[in-house]
Amino acid sequence: GGVRFIFLNCSDVATHSAPADSPEGKAAKQWFDDLEEAGSPAAKEYNGGLGFAQLKWLDDQLSKADRCGQSAIVMCHMLLLPLVGRESLWNNMEVIHMLEAHPSAKAVFCGHRHPGSYVLRNGIHYVNFLGTIVYGHRRLGYLRRPGLRDHRHLHILALRQGRLTWQVDFGNLCTVN
């Protein structure tokens, strides 16, 4: 049992993460150019993707969580869902399909898209936290655990202009022995 937290580097392959003349930089530029040519809204230089080695590592981590009966929570910067395009991970659908293939995958927490969002898809919670950048004190997002005695209980609230816009109560994500 328990929870396995998995942290991803969403700039693993990105035009801003390696020198342009390096093999990694050239590969990132080619991927970016291919996305741009295909008309992908995610073809932005501030986005990036997960490379083959990190995808394999993610699959291995999720498989270990499956075998151990753990709940897997993935943390990353770039958006997987909703499919808004311009703030998305370059290979978000590949990652989403991988997550959906593992029963241990329970939630993805990310940022990058400042307005925030929440999607529940095939039993996986995709939480995009509101940006901590304040636009004239109008937007604010935070994570909290209300005064519950059960410390395994996770509750996320999103506020905009002082009003609750959405909330997610994950209940017990794990059993602590």
Side-chain angles (χ1 to χ4, degrees), residues 1-14 16-18 24 42 46-84 87-133 139-159 164-177:
V3 178
R4 180 178 295 251
F5 289 94
I6 301 170
F7 295 84
L8 301 177
N9 175 9
C10 292
S11 294
D12 184 27
V13 181
H16 59 268
S17 65
E24 296 83 6
Y46 52 75
N47 291 336
L50 302 186
F52 176 77
Q54 190 171 187
L55 285 169
K56 182 179 179 337
W57 178 83
L58 173 59
D59 192 46
D60 290 346
Q61 291 299 309
L62 292 166
S63 293
K64 288 177 184 176
D66 292 342
R67 285 191 304 275
C68 295
Q70 296 174 322
S71 294
I73 297 177
V74 176
M75 313 286 265
C76 58
H77 180 75
M78 292 175 196
L79 191 65
L80 297 180
L81 283 175
L83 300 174
V84 294
E87 290 107 0
S88 298
L89 186 72
W90 286 349
N91 53 342
N92 63 328
M93 290 310 299
E94 184 177 4
V95 175
I96 290 165
H97 292 302
M98 180 183 293
L99 293 169
E100 290 177 349
H102 290 278
S104 61
K106 302 297 182 201
V108 177
F109 296 159
C110 69
H112 197 54
R113 183 172 184 265
H114 295 181
S117 58
Y118 170 75
V119 174
L120 176 62
R121 175 182 158 141
N122 295 327
I124 302 172
H125 300 270
Y126 294 86
V127 179
N128 171 227
F129 291 104
L130 292 166
T132 55
I133 295 175
R139 296 180 180 166
L140 173 67
Y142 65 96
L143 162 70
R144 76 178 185 110
R145 182 190 55 77
L148 299 173
R149 291 198 168 120
D150 184 348
H151 295 273
R152 298 165 291 158
H153 195 83
L154 183 65
H155 193 86
I156 296 175
L157 304 175
L159 300 175
L164 184 67
T165 57
W166 53 264
Q167 64 181 334
V168 182
D169 186 345
F170 290 98
N172 287 329
L173 288 175
C174 65
T175 303
V176 177
N177 297 329

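All heavy atoms count here, side chains included; hydrogens, waters and symmetry mates do not.
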Original post:
Got a donor-acceptor contact below 3.5 angstrom from the Q54 side chain to the N9 backbone?
Top reply: yes

Original post:
What is the distance from atom CG of N47 to atom CD of E87, rounded to the nearest 0.5 Å?
Top reply: 7.5 Å

Original post:
For the residue pair L81 and R121, what are the closest heavy atoms and their distance?
Top reply: CD1-CD, 3.5 Å

Subject >> Test item: side-chain donor near acceptor, Y118 and H125, under 3.5 Å >> reply: yes

Original post:
What closest approach, in Å, do N91 and G49 show between heavy atoms, and which atom pair accounts for it?
Top reply: OD1-CA, 3.5 Å

Original post:
Which pair of non-hydrogen atoms, one from L79 and one from N92, has the smallest distance, and what is that distance?
Top reply: O-CB, 4.1 Å

Original post:
Looking only at heavy atoms, which two atoms of C76 and L8 are closest? And how far apart?
Top reply: CB-CB, 4.0 Å

Original post:
Tell me, which pairs form a salt bridge (Lys or Arg N to Asp or Glu O under 4.0 Å) where one or both residues lie in residues 59-75, sequence neighbours left out?
Top reply: K56-D60

Subject >> side chain to side chain contact (heavy atoms under 4.5 Å, CB included) evaluation trace for V108 with V95 >> reply: CA-CA 11 Å; V108 177; V95 175; over 6 Å; no

Subject >> Identified side chain to side chain contact (heavy atoms under 4.5 Å, CB included) counterpart of M98 within the set L58, L50, V74 >> reply: L58

**OP:** Working to the nearest 0.5 Å, report the span between CD of Q61 and CZ of F5.
**Re:** 13.5 Å

Original post:
Which heavy atom of A105 sits nearest a heavy atom of L62, and at what distance?
Top reply: CB-CD2, 4.4 Å

Original post:
To the nearest 0.5 Å, how far apart are CZ in R4 and SG in C68?
Top reply: 5.5 Å

Original post:
How many angstroms lie between atom CH2 of W90 and atom CG of D12, to the nearest 0.5 angstrom?
Top reply: 11.0 Å

Original post:
Can you name the closest pair of heavy atoms from S11 and M78 and give their distance?
Top reply: OG-CE, 3.7 Å

